[in-house]
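Notes follow the structure.
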Amino acid sequence: MIRDHFRILTVDLTSGKGKIVTIEGRDTEAGGSGLAALLFDKYGHLDKPWDVPEQPLIFTIGPLTGYFPLMSKTVCGFKSPYHNQYGESHAGGRSALSLRFADLDGLVITGKAARPSYISIGSRHLEVKDVHYMWGIDLQRSGKMLRKMIGGAGHRSIFRIGPAGENLSAYACITVDTYRHFGRLGGGAVMGSKNLKAIAIQGDGVFQLPEGKEYAELFEEVHKQLTTTDMMDKYHNLGTPVNVAVLNGLKALPIRNLQQTTDPNIKGITGETFADDTLLRNTACAGCPVGCIHIGFVREKFMEPNQYLYRQVSYDHEPIFATGSMLGITNAFSVLGIIDMVEKMGLDVMSAGVALAWATEALEKGLISEKETLVPLKFNDAAGYKEAIQHLGLGSNDFYRLLAQGTMKAAAQYGGEDFACVLGQEMAGYATGEVFFTSQALGFRHSHLDSGGYSYDQKHTTERKVKEAVDFLVKDEQGRVLLTSMVACLFAREVYKDDLLADCLSSLGYTTLADNMQQVAQHIQKLRWRLRLATGFDPAAVKIPKRFTEVTTWKGPIDPKFLKQLKKEYTKRIIELGKEEPKEQ
Amino acid sequence: MKTAKVLTTPRMERCIGCHSCSLACARLVHKKLSWDTAGIRIISSGGLSTGFEAKSCLACNPAPCALACPTGAFSQRKGGGVIFKSKHCIQCGDCAEACPVEAIYLDATSEPFVCIHCGQCVPYCPHDCLEMAEVVVEPSTEKEAEEVAS
Ligand code: SF4
Ligand code: SF4
Ligand code: SF4
Ligand code: SF4
C-alpha cells in the first residue's frame, strides 16, 4: 500500500516470533536496494561473521512494486558467505507481488531456528513451522511438498533452498517459485545457517488505488510502451540466449574456462537452437506481460526398454554460458540436463559452472587428481559434470567442500589461480573486454547487471579512455540502483527512463521522491558502498586473474595496461563513493 | 435475436502466468490493487511446472450461485452469469459455496467478487488467451419473450 514510511516485518527464528516495525526513509532510501541497505545498517552487524544468528536476511520491494508493469523484482540483502561482506541479490517470480500483497515493504529474518523450519506469512498471518524432515531433500521434491502444505497456488511465492544451502556453500542460491533465483553471493547459505528451509509469502491483501485519472492513464501508457514497442521483443522472443550467437560472433563468449572466445560448433547451444529444439513455453514474473522466462525440457531414459521421465527446466544466457560453452558443451539438451542438476542442488548456476570449468583445467594440468574430483572431469563430458554438480551441492569430499566456497579459495590451496575465472565472484557470460572485466571485478554485486560494462565495451571498440569509461560505470550504476530501488526488472530499463519513473512516483503521491530522484539515487549508491567497505571490501586488493589478460576478442588482445588503469581509477572512485556522507542539518 | 457477451478462456494453454488479466480486473472494475478481488484469477496447475489455469465465471444459466443467494444480491444475468447488487448482500458466502468452479472470491469480510463479463481484462492478455464470446439470450419468461417479440 502507498505510505510515506516503510512497513517491515521482522521475524526472529530463535523465538519464532515476529514484529511489525515502522521505519522512516521513504523519501531518502525509497525501497528495494535503498531499503535493504537501510535495514542492513539498522539490523546488520558490520564486524561479525556472516553466519552468526543475529545477522539479518533482508527482502525488500519498492514504492512502484505491483502498481506498474515489470515492477516485479525483490531485493535480497545480507552479509555474504562468499566474501563476508554486505551483498545484494535480486529475483522475480511472484516474490515481489507477494510481498506487496502481504502488505510488507520489507521482511527481515534474524536468529536461528532450533530445528529446520519454514516461515509462512501473509497479510493476516505469521507462522514458523518445524519441517526437519525436509532437510536434505532436493529442491524439486521439497517444492512439491511445500506447495501441498501451504496452499494458495498462484497467489503466493515460495523461496527455498536445496542441499547446497543446507551445506553452507558460499554460492548456494535461494530458489523462487521453481524458475527464478536469488542466485548470486550465497543467500541460500544464509538461510541454511538459520535452519530456514523455506519462506512462503501469501499475497492476500487488498488495497485501494489512487483516485482520479492520473494513475489510471499512466498505467495504460506504461503498459502500452512495454508491450507494443519492439523494445521488449528481445526478451520475449529468443530471450537472453540470443546473446550466445552474438557474443560468439564477436569473439566474446567465454568458452572452455575462457581458453577461447569463439567456437565454430556453437550452433548447438544458441538461443535459436534452444527455441527450435527444446522450448516448451514461456512464463512470466507476476505483473510482467513480457514473459521472458523460457522453459525447455530434459528427457531421461531411466530403464530399458524405453522408460523415460521428463522435467521442465528454465534457461537463459547465463546458465547456457556457465554449463554450456564454459564447459565445452555444445548440445542444448546436455546443457539443460546440467542446469536441472544445479536446480536440484540449489547452487548458483554461474558459479557452479565456472568452478567446474576451473576444476577441469586444473585436472588437465595435474594440479588436482581424480582423488579430488571423484569423476574424470573433461570438457564436453556432460554426464561427468552432472555428477560433479551433485558432489558440489552435497559437499562430497574436502575438495568439493572447498570449491563450493569459491573457485579462488580452491585455487589458493591447489594452485591454478591464474586461470580461475573469478571477477569478484565467478565470471558472468561476457568476455567483451577490459571495461566489463573491471566492472564485474569491482562492481557492488560483482554482477554483470551492476552496470553495463559489456555494452560499453561493444560501443567503444577503439578508444581507451580510462576516465570516460569509469565515469560511465559510476553513472550507470547510479541509474540502475534507482531502478532496483523501485524495484523494476532491469530489462525494462529502456522504458523506465527518469521522466517516466518520476511520473509513476508522482501518480502514487510520492512527489518528494519524484522531485529528488537523482539525489536519492546518489545517496543509495553511496550508502551501499559505505556498507560494503565497512564490512571489509578493499577494491585495491582485487586481483584480475591472468586468464582475463590472455583473451582475444573482436577488438584484438586484451590490453593489460588499460585494464590496470581502469581498475586503479574505479578503485579510487569506489573509495570516494564509500566515504561517510555529510549529515544534513 | 438478442445477444450478450461473456468472458471465455479458450486458450489458457498459452498462458504465461503474468497475472495482467487479474490485475486489470482488480484495477479497472474494482478500483483496487489486488490479486484476489478480480473476476479472473490465475493459478498454477500443480506447481509452476505444468502451466496455468484461470478461475473465472463460466456464465451459467441458470446460475447456481444466484439460486443459492438468499437475498437476491446475486441475480441471473441474461446470457449467463450474474448481476451483483452489493447493497443486498449479507456476506453469507453461500454464492461462493454454490459455484462449481470457485469463480467467486470472498474477501476478508466475505464480500463476494465475481466476473461481470465486461471484457476489460481481455486486451491486457499478451498471449490472447481470453475472448469475449457472443451468446444468444434465451427468453426465460413469457414476459421476456414478449419483450423480445415486440
Ligand atoms: S459464479 Fe460460478 S456458479 Fe455463478 S455463474 Fe459463474 S461459474 Fe456459475
Ligand atoms: S454473500 Fe452476498 S451475494 Fe453471496 S449468497 Fe450471500 S448474500 Fe448472496
Ligand atoms: S470480464 Fe470484466 S469482470 Fe470479468 S474478469 Fe474480465 S475485467 Fe473482470
Ligand atoms: S493475462 Fe493472459 S497470459 Fe497473463 S495470466 Fe492472464 S490469461 Fe495468462
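Naming convention: chains lettered A, B, ... in sequence-line order (proteins, then strands); numbering from 1 in each chain.
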Ionic contact status for B/Arg11 with B/Glu131, cut-off 4.0 Å
yes

With a 4.5 angstrom heavy-atom cut-off, could you sort out which part of B/Lys31 is near chain A: side chain, backbone, both or neither?
backbone

What part of B/Arg27 gets within 4.5 angstrom of chain A, counting heavy atoms only: side chain, backbone, both, or neither?
both

Using the ring of each side chain (for Trp, its six-membered ring), is A/His155 parallel, tilted or perpendicular to B/Trp35, with breaks at 30° and 60°?
parallel

Heavy-atom pairs under 4.5 Å with chain B: which of A/Gly291, A/Gly143, A/Ala216, A/Pro289 has the most?
A/Pro289

If you tally heavy-atom pairs under 4.5 Å between each of A/Pro210, A/Ser98, A/Ser314, A/Ser123 and chain B, the highest tally belongs to A/Ser98

For residues B/His30 and B/Phe113, establish whether the separation of their ring centroids is below 6.0 Å.
yes

Hey, does the side chain of B/Asp94 reach the backbone of B/Cys69 with a donor-acceptor pair shorter than 3.5 angstrom?
no

Of the backbone (N, CA, C, O) and the side chain (C-beta and beyond), which part of A/Arg311 lies under 4.5 Å from a heavy atom of chain B, both, or neither?
neither

Applying a strict 4.5 Å limit to non-hydrogen atoms, the region of A/Leu97 in contact with chain B is both

Show, in sequence, the C-alpha distance, side-chain angles and deciding distance for A/Arg180 and A/Asp316, and conclude whether the salt bridge (charged side-chain N to carboxylate O under 4.0 Å, His left out) test is met.
CA-CA 11 Å; A/Arg180 301 283 89 187; A/Asp316 258 304; 3.3 Å; yes

